[in-house]
Amino acid sequence: MVIMTMTSPRAFLPVLERIAEEIERTPGRGRPADYIPALAACDPRSFGMAVAELDGTVYGVGEWRQPFSTQSVTKVFTLALDLAREGDELWEHVGREPSGNPFNSLVQLEYEQGIPRNPFINAGALVVTDRLQTRTGDAAGELLAFLRAESGNSSLDFDQEVAASETQHGDRNAALAHFMASYGNIDNDVPVLLDQYFRQCSVRASCADLALATTFLARHGIRADGTRLLTRSQAKQVNAVMLTCGTYDAAGDFAYRVGLPGKSGVGGGIIAVVPGRCAICVWSPGLDERGNSVAGVAALDRFTTLTGLSVF
Ligand code: GLN
């Protein structure tokens, strides 16, 4: 069934309302991430979903204006910011193949000489942040400025408590960074890089903020102010890597169920892109065993099923 009023400026609101009702009736919602203690206290029954249209109209259901910890969702924006600066040279330092392994896995790195499989697992995101840091001197600050500009929300900020908690429990990310540094694939001092990376992951933003910030990918690379961040081809590349790698070792299942470029984070957020049409953000902090929001994936699955929109 397709429910959508193409003439309305809030064309997808009836779909979102229906999805929120369905999710409300669903009992199992997964468990919040507990390896970052500051995230463990989230209520797994929280749910919000927002759609941002190409003209910047944004609307949603549930807790769509409630800020949450963006975590790995930010990997999309740092990738775009670095790709815009250095272009294809980036791909000599990070691959673009699905890893088939958990997001914080070390196992492939030694076989593949310190070149991570893709920019959306932690190892790859560390490489991207390192390269953005070299080019800007403040990768996390660049990210925050971008998110504020695209969302129009100047109050977006880092969450010092979450960043500190990740630093305290950051042995695995530190191991990834040091290991890649041993192959010459990290430029900056590892503590500097980890500080930038943990602050990047700690940004708090709502579904409304993130849907708006993702709209440049639905606009084929054009930012909210009409300037171009990415070429049309680069925007296609980012969307393709989101589709194939954005939900880690569940990317195949996500493509099967949702059929859109998407990126999840352990805070329970997922962004998704309908190229040429809109951007979506959904949030619910209960995760499955691969680190993706249970209600978030279910809601996106229903969205593409009810609207008939997908890249396929
Ligand atoms: N900050 C988290 C980490 O590095 C991000 C992981 C995620 O959201 N999948 O472990």
Side-chain angles (χ1 to χ4, degrees), residues 30-40 42 44 67-79 94 98-107 109 116-130 132-133 139-140 143-144 147 158-180 186 190-191 193-205 207 210 214 241-242 245-251 253-254 262-272 281-294 296-297:
R31 290 186 33 223
D34 53 11
Y35 79 104
I36 302 174
L39 298 183
C42 286
F68 60 88
S69 194
T70 55
Q71 295 297 322
S72 285
V73 169
T74 57
K75 291 174 170 124
V76 172
F77 306 111
T78 48
L79 172 64
V94 61
S99 69
N101 279 311
F103 63 82
N104 54 6
S105 172
L106 278 142
V107 293
L109 272 181
R117 273 291 170 103
N118 68 67
F120 294 151
I121 51 174
N122 285 11
L126 284 161
V127 168
V128 172
T129 299
D130 177 62
L132 188 61
Q133 176 67 13
L143 165 75
L144 186 61
L147 293 177
F158 305 115
D159 182 327
Q160 309 295 352
E161 191 201 337
V162 169
S165 158
E166 275 221 79
T167 304
Q168 262 170 20
H169 299 85
D171 290 334
R172 187 170 276 264
N173 284 314
L176 290 168
H178 281 294
F179 197 59
M180 292 188 291
I186 295 292
V190 168
L193 169 59
L194 291 175
D195 176 58
Q196 289 288 334
Y197 174 77
F198 290 139
R199 285 198 298 132
Q200 162 190 329
C201 293
S202 83
V203 171
R204 285 175 70 75
C207 291
L210 289 176
T214 306
V241 180
M242 286 172 75
C245 310
T247 44
Y248 320 113
D249 44 342
D253 194 53
F254 188 83
K263 180 76 201 83
S264 63
V266 290
I270 308 177
I271 55 172
C281 179
V282 59
W283 169 62
S284 184
L287 308 180
D288 61 23
E289 62 288 350
R290 282 135 152 193
N292 299 311
S293 168
V294 172
V297 176

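Order of appearance sets the numbers: ligands from 1, and atoms from 1 within every ligand.
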Could you pull out the N/O contacts under 3.5 angstrom between ligand 1 and the surrounding protein atoms?
unit_1	atom_1	unit_2	atom_2	d
ligand 1	1 (N)	Q71	OE1	2.5
ligand 1	1 (N)	E166	OE1	2.9
ligand 1	1 (N)	E166	OE2	2.6
ligand 1	4 (O)	N122	ND2	3.0
ligand 1	4 (O)	N173	ND2	3.0
ligand 1	4 (O)	Y197	OH	2.8
ligand 1	8 (O)	S72	N	3.1
ligand 1	8 (O)	S72	OG	2.6
ligand 1	8 (O)	V266	N	2.8
ligand 1	9 (N)	S72	OG	2.9
ligand 1	9 (N)	Y248	OH	2.7
ligand 1	10 (O)	Y35	OH	2.5
ligand 1	10 (O)	N122	ND2	3.2

Which atom pair, heavy atoms only, marks the closest approach of [X] to [Y]?
X: E161; Y: A38; result: OE2-CB, 4.1 Å
X: V297; Y: N292; result: CG2-CB, 4.2 Å
X: C245; Y: F120; result: O-CB, 3.8 Å

| said: Which residues pass the side chain to side chain contact (heavy atoms under 4.5 Å, CB included) test with S69, not counting sequence neighbours? | reply: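 For S69, the residues satisfying side chain to side chain contact (heavy atoms under 4.5 Å, CB included) (neighbours in sequence not counted) are L39, Q71, V162.
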| message | Using side-chain heavy atoms (C-beta onward) and a distance below 4.5 Å, is E166 in contact with S202? | response |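 When only atoms from C-beta onward are counted, S202 and E166 do not touch, as no gap falls below 4.5 Å.
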| In terms of the angle between their ring planes, are Y35 and F103 parallel, tilted or perpendicular, with boundaries placed at 30° and 60°? |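 The rings of Y35 and F103 sit tilted, inter-plane angle from 30° to 60°.
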